[in-house]
Amino acid sequence: MAHEHKLEIFRGLLKFKSNTQKIWGVLILLTIVTTVEVALGIVKPEWSMAPFLGMKLLNWIFIILTIVKAYYITWDFMHMRDETKGLRRAVVWTTIFLILYLIFILLQEGGYVFDIYDNGYIKRDF
Amino acid sequence: MSTAVAEGKTWGGGNQPLKASYGKMMMWFFIVSDALTFSGFLAAYGFSRFKFIDAWPIADEVFTHFPFLHGVDAPMYYVAFMTFVLIMSSVTMVLAVDAGHHMNKSKVTFYMFLTIIGGLIFVGSQAWEWNTFIKGDYGAVQTKGGNILQFGHYVEKDGEQVFKRVAVKDFAVATAHKDRTQHERKNGLWFVNEGTLPSYTMDEVIHGLQANKDILVRTQIINEDGEKTVLSRGESLDQIMKNGRLVVEGANLHVNEYGSPLFADFFFFITGFHGFHVFSGVVINIIIFFNVVLGTYERRGSYEMVEKVGLYWHFVDLVWVFVFTFFYLV
């Protein structure tokens, strides 16, 4: 049960000797990711300003790094790695599906409202 | 095994198909619903941002302060520090859970204590962030359409012309006799009062702008370089005199000197809601901490309660990771 911990991360590439050691390992990983995020946010390198799928490339990098962090917090700190498949899927799949749906609907609508103002169909800037 | 026996085993209770206790599973399902609440807020923030995509405030220009470092431009360092504090307190929480599995009471106590301290540092930092944000730093002018006009001038830095913000208080000419006194409950209409008046009137700002020839106006519109548009001297005077209505200092739920008032509304609401989660997490952690000290779980033979509050605490950290990205980075 919960007392048995799976001790490897990166699909078995890195295997820790004890649960405590794994916790510190994950902390180091999360710290590195956060540092990279803050560094990129301050430097804002030229190449990352290129538009990519409706956003700056940098924003996509931030979002992907955030999901990486979220994965390790859920899997290792919240012990999702050690739960049964049923529980894991009930929690993770439901949430991700609903959130993706909500984000799609709202961002689509927001972009549409912007376009209407922008095309001068409705005047806002007095 | 006959069907009757199997059925008795399946439906007779005490069966855990997901190999998690009732309490832990309910904590997971609560977390799912809370995660959906938070994503509702963040998606609404995304909606408003996409609606004003060409004029949204740039976070690096808003959150530039660090405690005890006055006048130093330190974008995001403090939030990065807060993020680290929260991740660190998450780590001490898992260590407490781990010590609980080994029935090590003194270690659980120690790690729970560190987790509570981390939570308190985080909530304190957030209070400081709010305070800085509410006070504001440069001040701005709001137009009758609700747009924000900020001030600045070009200075030479490393051989380049850089636009540097100027605070309203540094150029506005204060006139000796103020034409406007604050309306209080005791005067005029009974029990009707008004909010704090801005330190300067529009006339004083206009006089100051006319007197300082190098000061220009910056609008909220973001240009191709990803920077806010700076108007020419002529346009600046024109905008302020024709459209300027109100001097705005800092941010609240009505006005926001950094740009769209919606930015401030969402900032207060989302970080406030998250801060409230951290606060209740700290309270729950304190309760569990005392239970650990009193030996409740030692007698119960299981530290699963620590694991359950641990789940909640990690969830708070998880939400912060997203708030950090969508408010400060993206």
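Labels below follow one simple rule: chain letters A, B, ... track the order of the sequence lines, proteins then strands, and each chain is numbered from 1. Worth knowing before you read on, the calculation uses all heavy atoms, side chains too, and leaves out hydrogens, waters and symmetry mates.
- Contact of F322(B) with chain A is made through backbone and side chain together, with heavy-atom distances under 4.5 Å.
- Evaluation of the salt bridge (charged side-chain N to carboxylate O under 4.0 Å, His left out) test over residues 63-74 of chain A, restricted to residues two or more places apart or in two chains, returns E37(A)-K69(A).
- Top candidate by heavy-atom pairs under 4.5 Å with chain B, chosen from G111(A), A90(A), G86(A), is G111(A).
- Applying the side-chain hydrogen bond (donor to acceptor under 3.5 Å, both in side chains) definition to pairs two or more places apart or across chains, those involving residues 76-87 of chain B are Y78(B)-S125(B), T83(B)-W320(B).
- Along residues 43-55 of chain A, the residues that come nearer than 4.5 angstrom to chain B, judged on non-hydrogen atoms, are K44(A) in order of number.
- Looking at D115(A), neither its backbone nor its side chain comes within 4.5 Å of chain B, counting heavy atoms on both sides.
- Residue pairs that meet the side-chain hydrogen bond (donor to acceptor under 3.5 Å, both in side chains) test with at least one member in residues 84-107 of chain A, sequence neighbours left out, do not exist here.
- Comparing V113(A), I73(A), T35(A), L102(A) by how many heavy-atom pairs each has under 4.5 Å with chain B, the most go to I73(A).
- Here V91(A) is the residue among V38(A), V91(A), T31(A) with the most heavy-atom pairs under 4.5 Å with chain B.
- Side-chain contact check for H79(A) versus V94(B): some heavy-atom pair is nearer than 4.5 Å.
- Each of V97(B), V79(B), L318(B) has some count of heavy-atom pairs under 4.5 Å with chain A, and the biggest count is that of L318(B).
- With a threshold of 4.5 angstrom between heavy atoms, Y328(B) does not approach chain A through any atom at all.
- Neither the backbone nor the side chain of M93(B) comes within contact range of chain A; no heavy atoms are under 4.5 Å apart.
- Neither the backbone nor the side chain of L42(B) comes within contact range of chain A, judged by heavy atoms closer than 4.5 Å.
- Using a 4.5 Å cut-off between heavy atoms, I42(A) touches chain B through backbone and side chain atoms alike.
- Using a 4.5 Å heavy-atom threshold, the side chains of M80(A) and H314(B) count as separate.
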